[in-house]
Amino acid sequence: MHVVNISRQSASRQLRQATTEPAAVRWLLVAVALAFVGVFLVLPLVAVAAQALKAGLGAFGAAILDPDTLAAVRLTLLTAAIAVPLNVVFGVAAAWAIARFEFTGRSLLITLIDLPFAVSPVIAGLIYVLLFGMQGWLGPWLADHDVAIIFAVPGIVLATIFVTFPFVARELIPLMRAQGPEEEQASVVLGASGWQTFRYVTLPNVKWGLLYGVIILNARAMGEFGAVSVVSGHIRGLTNTIPLHVEILYNEYQTTAAFAVASILTLLGLVTLVAKTIADRKRAQSLVPLAALAEDPAHSAPPHLDLAGHALQARSAGAALGTPAQEAWA
Amino acid sequence: MARSRAKNVLPGFGLTLGFTLLYLSLIVLIPLAALLLKSTSLTWGQFWGVVSNPRVLAAYRLSFGAALGAALVNALFGLLLAWVLVRYSFPGRRLIDALVDLPFALPTAVAGITLTALFAKTGWLGAPLHALGIDVAYTPLGVMIALTFIGLPFVVRTVQPVLEDLAAEREEAAAMLGASRWQTLRGIVLPELAPALVTGFALAFARATGEYGSIVFISGNMPMKTEIAPLVIITKLEQYDYAGATAVAVVMLAISFTLLLVINLLQGWSGRRHGEA
Amino acid sequence: MRRSIVAALAALTAALPPGAAAQQAPKDVVLLNVSYDPTRELYQDYNAAFARYWKAKTGQSVTIRQSHGGSGKQARSVIDGLQADVVTLALAYDVDALAERGRLIPRNWQTRLPDNSAPYTSTIVFLVRKGNPKRIRDWGDLVRPGVSVVTPNPKTSGGARWNYLAAWGYALRKFGGDEGKAQQFVAALFRNVPVLDSGARGATTTFIERGIGDVMINWENEALLAMQEMGKGQYEIVMPSVSILAEPPVTVVDRVANKRGTRPIAEAYLHYLYSEEGQTIAASHFYRPRMASVAAKFASRFPRIQLFDIREFGGWQVAQKKHFDDGGIFDRLYQPR
């Protein structure tokens, strides 16, 4: 412990220069990134806001509070509330199986998980029509039993689950692979159960990846248009989600209302902001249970866990000390 | 060497893999099987006739070409953006970080209309570009711009967590041992980021090939020139030609699947090599 | 909302609760009218009027739900199981599909209501910029070099098929029925089209907000609406010498209405479109009414021009196959030479 900390403290000043770029390079990179963001994110957002507010705040409020809009908001929230948790559970399970175990066909499995992204949204909707539609395989039977799947909420949820299927898994797999299984193995060897290992070792480690995964999954679930459009039936006030309602308003020459309703979805950016701030605050807290685990006499902690105080640093420090650094670029 | 033995220590393989396969089958594989089955209602000759039509081929070229271009732009700028957001502090950083997901949340039609408004000859960006002799809206370049927009979050959001997790210690160690900054970046940082970067690229590419809603507004939809493959699918559906539509879709899917599989195999292979080293 | 959650979860777990669809109280009725894009305001007004009329006549409350989208897509949804009691679409070709592919209605559906089951009509006109700087008076002006024409893609837009056929019909008249010359004319027209939007609304945006094109070909009702909503005083409508009579048809969807027991009220709903009140509402939303007395009241809004109809092309089935299906004449206009 002392070795690591002392070396870090004494060298930190010189190291800062060696572990970041010269100021000029930093500012250049920031400037380029900002220019890219300006063209591709800020300008479109400003244009949307300008259109939404063109007729004044009154018209904006009226568009948002329209009963059909509120119905669309409710349906979108309901859809996301079902689709997001299901895909998160799947994503975590898939990432655990794929990133922590070697088995034949692993690359194939990853590719199959990617597949929904490669399917055009139009087709993503169509496949459910082929299955559950009146001309499809199950449609007539479902109709006889009065079960509505497409042109009703279940179809919308299914299509949304499909198009957002890979997000969490694909966010976690590269992250967990980069981290390696050593900490979890140590935890299990020391007697922690599988669930404890996941809860106190894996979860804190993949927290950021999981957060990003959930954020983009949710954004996409709420914003999906193409697939949902095919299975919705567009019944006003009943099966229209926010994006569908936006398109309908636009088609009815209600441009201002269309952009006003669309701007509801840009507020998701605020959710991201809040979620990341909370996650930042919890960063310190999340270390506590791990330390508790390490100090728990029932599980005598491994030396390197004890040494560095928490798992994240332990691994990196271990890597820095244990592995000859030259090897990495040799 | 100890790797494979140690791996078996971890529990839950059967449970998680079983659940993964079950959910995958229910949500993805069975419905996609329905799609494949539908396209088999065509004879081989009919199928070939549909997908080898010059107009369909031109649409494939545009969809895959523009998607590749957009994914490359996103890989480069997404990496840069993730790096800047994680490593540097500058005014507005948190706000920009929150904006990154916007392209997913914005309904595609709104994105298409807005980008067309910006890049048309009369638009805020289109007018100066037109003065320089570059037309964006209603050209393949416009398609690429729109695809860049809709795929933007992928690379940023896959690279970001890995970068955040990449502890400074290894870079410090490298620097202590005399590596230059460039050597450290190339030798330590980039290999760590590569899997996430490639994943983000592959996902952005796959998503871009199938995008429809935003593109129809900016592309101009001219046959042989700016007609994308999903539009061809829509035109077939308009003729109630479900089998033809699925045929076009199946070929797109097969191409995307092959590309993704190759990327994933390469990645698995390089990961294994990296691990054994 | 709770019911939807239950329904959704039930479907996901593949359990099958009886009657997941909402059961209506016997007294109140809900109808679903599946329509195409530009008719929302028309039917919003009409639905309220019909509900009042029906309540006064029978004492029964009726709620009419609306669904709008591209005409072809809406027809596909109904074929695939969208529970529409009535459909009110842009062209008979899409309603034919309900009979041919879905077996939801009899093939002679079009003879069941007066006027080919089209209670209101429209036609195809030009919208030009203020002052008509390119002096566009008729179809012949659209093929002049240097004239830029905006029209949506006939492959994806029902309205654009009317545009195309209107131009074709003009050319047939001009060239004495010579199909080859008509094809050359239409080819020349589409060479002047810089952008093929996927729908009528997209084309309107291209013309009005992007400032592309000297003339837009569109439905008369869309052109009048666009003038009112977007560009007061900045655009002018030009009536060509001859155009096509667009007949957006309506029908009860027998299979659905019979099953739901809504047939009498669904039929009454469509019949009332032909009443004076129904016709007046259609006219006030820029559709040409059939009833002479109502037409007289709105005569200034709808100038009389020479109109031909779809029978000139042998009906929609023939026209679609010949012109718009893959490999048809429209595709050949764009074949690389």
Side-chain angles (χ1 to χ4, degrees), chain A residues 51 68 71 74-75 77-79 81-83 86 122 125-126 128-136 138-158 160-161 229-240 244 247-255 258, chain C residues 1 3-12 14-23 30 32-41 44 65-70 73-74 76-84 101-104 199-202 204-205 208-209 222 225-226 228-230 255 259:
Chain A
Q51 285 276 5
D68 287 340
R74 270 197 300 275
L75 178 57
L77 291 176
L78 171 71
T79 305
I82 299 170
L86 283 173
V122 182
L126 187 69
Y128 290 105
V129 171
L130 292 176
L131 269 184
F132 300 119
M134 279 304 282
Q135 312 297 312
L138 299 174
W141 186 85
L142 290 171
D144 288 344
H145 292 76
D146 270 331
V147 179
I149 293 194
I150 53 169
F151 310 120
V153 176
I156 294 171
V157 172
L158 273 176
T160 306
I161 290 177
S229 166
V230 177
V231 295
S232 125
H234 302 107
I235 307 170
R236 199 166 257 269
L238 209 64
T239 63
N240 273 342
L244 299 186
E247 201 223 10
I248 284 175
L249 289 172
Y250 171 77
N251 278 332
E252 287 162 358
Y253 292 88
Q254 304 193 47
T255 313
Chain C
M1 194 48 59
R3 171 167 282 151
S4 342
I5 297 172
V6 171
L9 290 177
L12 287 168
L16 300 166
Q23 206 68 49
V30 177
L32 175 60
N33 175 3
V34 171
S35 193
Y36 62 115
D37 266 326
T39 58
R40 181 190 78 112
E41 278 161 328
Q44 207 163 34
R65 293 199 182 279
Q66 291 174 253
S67 165
H68 298 268
K73 186 176 166 189
Q74 293 289 79
R76 286 201 303 282
S77 292
V78 174
I79 292 170
D80 287 323
L82 182 58
Q83 297 290 298
R101 290 161 202 278
R103 308 230 168 81
L104 298 169
R201 184 63 181 85
T204 309
T205 303
I208 289 182
E209 284 174 22
E222 287 275 299
L225 187 66
Q228 178 187 292
E229 299 274 326
M230 307 183 79
R255 273 266 284 269
K259 186 180 168 189

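Keep in mind that what you see is a predicted model, and the values were worked out from it rather than measured. These numbers come from the heavy atoms of this one structure, side chains and all, not from hydrogens, waters or symmetry mates. Just so we're on the same page: letters track the sequence lines, and every chain starts at 1.
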Quick one: do A:Leu238 and C:Arg65 satisfy side-chain contact (heavy atoms from CB on, under 4.5 Å)? Show the steps, please.
-> CA-CA 9 Å; A:Leu238 209 64; C:Arg65 293 199 182 279; 3.7 Å; yes
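Among residues two or more places apart in sequence or in another chain, the salt bridge (Lys or Arg N to Asp or Glu O under 4.0 Å) test is passed with C:Arg40 by A:Glu252. The salt bridge (Lys or Arg N to Asp or Glu O under 4.0 Å) check on C:Arg76 picks up B:Glu238, with sequence neighbours excluded.
For C:Leu82 against A:Gly233, the heavy-atom pair with the smallest separation is CD2-O, 3.7 Å. Heavy atoms only, all atoms of each residue included: C:Arg101 and A:Gln135 are closest at O-OE1, 3.3 Å. Taking all atoms of both residues into account, the shortest heavy-atom contact from A:Thr255 to C:Glu209 is OG1-OE2, 4.3 Å.
Proximity to chain A (any heavy atom under 4.5 Å) is restricted, for C:Thr204, to the side chain, taken from C-beta onward. Interface residue C:Leu32: only side-chain heavy atoms are found under 4.5 Å from chain A. Contacts between A:Ser229 and chain C at a heavy-atom distance below 4.5 Å involve backbone atoms as well as side-chain atoms. Proximity to chain C involves both the backbone and the side chain of A:Ile235, based on heavy atoms less than 4.5 angstrom apart.
Of the listed residues C:Ala200, C:Ser77, C:Pro38, C:Gly102, the one with more heavy-atom pairs under 4.5 angstrom with chain A than any other is C:Ser77. Heavy-atom pairs under 4.5 Å with chain A peak, among C:Glu41, C:Gln74, C:Gln83, C:Glu222, at C:Glu222. Considering only heavy-atom pairs separated by less than 4.5 Å from chain A, the leading option among C:Gly81, C:Ser67, C:Gly202 is C:Ser67.
One finds the CE atom of A:Met134 at 5.0 Å from the CZ atom of C:Arg255 (value rounded to the nearest 0.5 Å). If you take OH on A:Tyr250 and CZ on C:Arg201, they are separated by 4.5 Å, rounding to the nearest 0.5 Å.
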